[in-house]
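Worksheet: the structure to be examined is printed underneath.
Both counts, for ligands and for their atoms, begin at 1 and track the order of listing.
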Amino acid sequence: MIDTHIHSDTRGLEDLELMAMCLDAVITLAHDPFEMKSIKVWEAHVEKILFNELERAKKVGLNLFVCVGMHPRAIPPEVDEALDKIKNYVKYDNVVGIGEIGLEKATKEEKEVFIKQLMLVEELKLPAVVHTPRRNKEEITKIILDEISTLNLKNKDIVIEHCNKETTKWVLDEGFYVGLTVQPGKLTPLEAVEIVKENKDFANKILLNSDCSSNASDVLAVPRTVLKMKINGIKKEIINKVAHKNAVDLFRLNIE
Ligand SMILES: [Zn+2]
């Protein structure tokens, strides 16, 4: 099992150990722990997840991969400089994608930074993880899909995160990956099970995650949802895709 979206820097070692006990791997992503008053703050954050988190994960036997990027709630003033830094960060072995990128309020600045990062994703041929907000989810998801469609990207390795029942359909229609986040305030395990059931023909485009952060979270969200899928009669093959195989393929994870 793989948890494709966590923020390990917000959790204690005991949580990382719990995850290590049940998961084959996790992906931790850049997010918004501080107001990014200067590029230095942003760099400190990204380098923390890139280096310190790797060390902490190793201590408890957690297999940790990383995505780097500018979260829409954490854009430093020096955007172009940050884009150059990202090009260097992706050279590290454990970096498997660009994220979280995306939109929170869909301001002009957010859109510009989102588009610049998508262009970089196209250039680097890496997967991208795109955040959608809790507020106005449908409206902002539509804007995100519109923005992406104007770019004519060849790279379809894009995960639209924190989808709900409705946005899942739109994302699958566009040929992108759906990230289902099982966390208080987002989806319950059973809601995720329902979405997987309803879209089982697209099982190779669905990923599960906990998005565990400093908000109320369930670090065992992925194993818990897998258990609920089993109880609800979802086929083993589909469970294996959404909880493991799709993540290995998309992020080209070097694991068994
Ligand atoms: Zn997140």
Ring centres under 6.0 Å, that's the criterion: do His31 and His131 meet it?
no
Identify, by name, the N, O or S atom of Glu100 lying closest to the Zn ion (ligand 1).
OE2
Just to confirm my numbers, could you give the angle made at the Zn ion (ligand 1) by OD1 of Asp211 and NE2 of His7, rounded to 10°?
80°
With respect to His5, which candidate in Val129, Val222, Thr28 satisfies the side chain to side chain contact (heavy atoms under 4.5 Å, CB included) definition?
Val129
Within less than 2.8 Å of the Zn ion (ligand 1), any N, O or S from His5?
yes
Result of checking His45, Glu100, Met36 against His71 for side chain to side chain contact (heavy atoms under 4.5 Å, CB included)
Glu100
With a 4.0 Å cut-off on N to O distance, would you call Lys85 and Glu81 a salt bridge?
no
